Protein chains: 2
Amino acid sequence: MNQRQTVAERGGAGRPGKNGDGAERHEEIHRSISDAIIEHRLRPGARLREDALAEVFGISRTGIRKILQRLALEQLVTLTPRRGASVTRPTADEAKDVFDARQMVECGLMPEVARRITDDDLRELRDMARRERQALKSGEQSTAIRLSADFHARLARISGNATLADFVERLCSRSSLILAVYGNPGHLGCESHDHDDLIGFLEAGNGERAQAFMGRHLKAIEASLSIVEEEVEAPDLHRIFAD
Amino acid sequence: MNQRQTVAERGGAGRPGKNGDGAERHEEIHRSISDAIIEHRLRPGARLREDALAEVFGISRTGIRKILQRLALEQLVTLTPRRGASVTRPTADEAKDVFDARQMVECGLMPEVARRITDDDLRELRDMARRERQALKSGEQSTAIRLSADFHARLARISGNATLADFVERLCSRSSLILAVYGNPGHLGCESHDHDDLIGFLEAGNGERAQAFMGRHLKAIEASLSIVEEEVEAPDLHRIFAD
DNA sequence: ATGCGCATCATTGTATACATATCGGCGGCC
DNA sequence: GGCCGCCGATATGTATACAATGATGCGCAT
């Protein structure tokens, strides 16, 4: 059905395989799925069938597999050998690792960020923080979560170190998954004014305080999680017969 | 032609599609290419044609593409849209970013490593350091480079944080590429006894000193590089007419 | 002789077809 | 009546065929 729409769309271009770039299409699809996961529109554990995705986005399974693979390397989806893809359900250990990593890297980046930050950066960060507060107020939790992740990633990028910024970006994406599994509904540990306070320290060029504040901020988020191993599926048998 | 050989090889197993796992084969191939790059048997800039690789490893292009994609995400190879894959040639900026990242993460991990390290770990690390020294002495520079990267990665893994350990592992791989481009032949900044000294601090449980030493160690490696943008290909024209 | 344009070729991008393994239900057997 | 095993369905893994694009080399014109 939508298959038809898809075909029409591509065919409508009149040039099959025309195209400035099919790769951009892939980028776009990747972003779509990625956002859906980060915004919790796709919950951890949700299965992602290749056929279904191929149909939805109007490309063949080949392209979808490529994208799923990339998502798997970013640890947003889990690829089980003969079972297909599903949204990753982070374990408690992984959650701890991710937050420890954020603690080290994001805090460590703050001094350099304070040194390099420009007025344009400050303006953009303020805007992001404002939109995040707004989303939170109007109950759009999905949007708020994504904006929060975006904020942290954007911040890291100001450091000028692309490698570390990419890493932080991925950590933030994974954090979003962790929130989906261990977070308390209706309360995402991120206090709404935290980001604004942080911007204040950075504007003052006070990297030290920004670093310390980021540390507390992350600790607060982590502390708001209810990390209890769910142990839902067939756990007892293995444990009982472990010896 | 070689197609036949391939078929024979797989058919030789008697079970077409038999197989403990085809995925393990992929893992193996990934490792093969990865090692070749890290050991500088494939130099930066070297082209990696899909057909050729498919032929060498006896699988079809589909599998090769999957592997190349993964290598691209690990930034060991660069995928140029219609031009295919080649071994990544890191820029000077990337080199700086990678070493800054290593400085932050590897040093930051040392205290935790010192806290958690076991006798088995120490034994293994000593063995790796020994083999590295030995390789260096006998002129097997390729092996020495890989062992050095392995050493740093192994060290990071002791911290117990898989996420950070994976990150360090990738940073070390990229460092190997950086060495290939900017390193001085016959002299890889890594002093042969450095790793042994580091092990000593860790054995003493002195995380602080290990951290400081790691910092100097990495700085020394970075300082040994000749980071001069090569500017080989068609550089002058752009620069001359830049205005 | 040199520079431009065109045709061919080599190589990647995409889709599809086929093989294979797992999951679910059903029937037979104990 | 319940459990084991088989069989069909579904979805993934792999290979191959086809299409499109950029590179290369040749020929022609100036």
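Letters A, B, ... are given to chains in the order of the sequence lines, protein chains preceding strands, and every chain is numbered from 1. Being a predicted model, the structure only gives us computed values, none of them experimental.
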*Asks:* Using whole Å, what does the distance between atom P of nucleotide D/dG13 and atom CD of B/Gln69 come to?
*Replies:*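 Rounding to the nearest Å, CD of B/Gln69 and P of D/dG13 are 14 Å apart.
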*Asks:* Atom CZ of A/Arg65 and atom P of D/dG13: how far apart are they, to the nearest Å?
*Replies:* 5 Å
*Asks:* From the set C/dA21, D/dA15, C/dT14, return the single nucleotide nearest to any side-chain atom of A/His26.
*Replies:*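 Among C/dA21, D/dA15, C/dT14, the one nearest the side chain of A/His26 is C/dT14.
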*Asks:* Does B/Arg83 make a side-chain N or O approach to OP1 or OP2 of D/dA23 shorter than 4.0 Å?
*Replies:*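 Answer is yes, contact under 4.0 Å.
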*Asks:* For the side chain of A/His26 and the backbone of A/Ile64, is there at least one donor-acceptor N/O pair under 3.5 Å apart?
*Replies:* no
*Asks:* What is the distance from atom CZ of B/Arg89 to atom OH of B/Tyr182, rounded to the nearest 0.5 Å?
*Replies:* 8.5 Å
*Asks:* As a test of reading the structure: which of C/dT22, C/dT11, D/dG22 is closest to the side chain of A/Arg82, going by heavy atoms?
*Replies:*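 Taking heavy atoms from C-beta onward, the closest nucleotide is C/dT22.
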*Asks:* Roughly how far, to the nearest 0.5 Å, is the CD atom of B/Gln69 from the CG atom of A/Leu73?
*Replies:*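 It comes to 8.5 Å.
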*Asks:* Quick one: do B/Asp120 and B/Arg123 make a salt bridge, cutoff under 4.0 Å?
*Replies:* yes
*Asks:* Quantified as the angle between the terminal helix axes (five pairs each), what is the overall bend of the helix from C/dA1-D/dT30 to C/dC30-D/dG1 to 10 degrees?
*Replies:* 10°
*Asks:* Could you give the CD-to-P distance, from A/Glu24 to C/dT14, as a whole number of Å?
*Replies:*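 The distance from CD of A/Glu24 to P of C/dT14 comes to 12 Å, rounded to the nearest Å.
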*Asks:* Less than 4.0 angstrom between a side-chain N/O of A/Thr62 and OP1 or OP2 of C/dT14, yes or no?
*Replies:*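 No, outside the criterion.
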*Asks:* Just the rounded figure in Å: distance from P of D/dT14 to NZ of A/Lys66.
*Replies:*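 So the two atoms are 18 Å apart, to the nearest Å.
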*Asks:* Rounded off to whole Å, could you give me the CD-to-P distance for the A/Glu55 and C/dA15 pair?
*Replies:*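 These atoms are roughly 14 Å apart.
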*Asks:* Is A/Glu132 salt-bridged to A/Arg146, cutoff N-O under 4.0 Å?
*Replies:* no
*Asks:* Determine: side-chain N/O of B/Arg49 to OP1/OP2 of C/dT11, distance under 4.0 Å, yes or no.
*Replies:*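 True: B/Arg49 side-chain N/O within range (under 4.0 Å) of C/dT11 OP1/OP2.
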*Asks:* Rounded off to whole Å, could you give me the CD1-to-C1' distance for the B/Ile64 and D/dT16 pair?
*Replies:* 15 Å
*Asks:* Looking at CG of B/Asp127 and CZ of B/Arg131, how far apart are the two atoms once the value is rounded to the nearest 0.5 Å?
*Replies:* 5.0 Å
*Asks:* When the distance from CZ of A/Arg61 to C1' of D/dT16 is rounded to whole Å, what number comes out?
*Replies:* 14 Å
*Asks:* Output the rounded distance in Å from CG (B/Leu79) to P (C/dT11).
*Replies:*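 Distance, rounded to whole Å: 16 Å.
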*Asks:* Salt-bridged, A/Arg157 to A/Asp166, with N to O below 4.0 Å?
*Replies:* yes
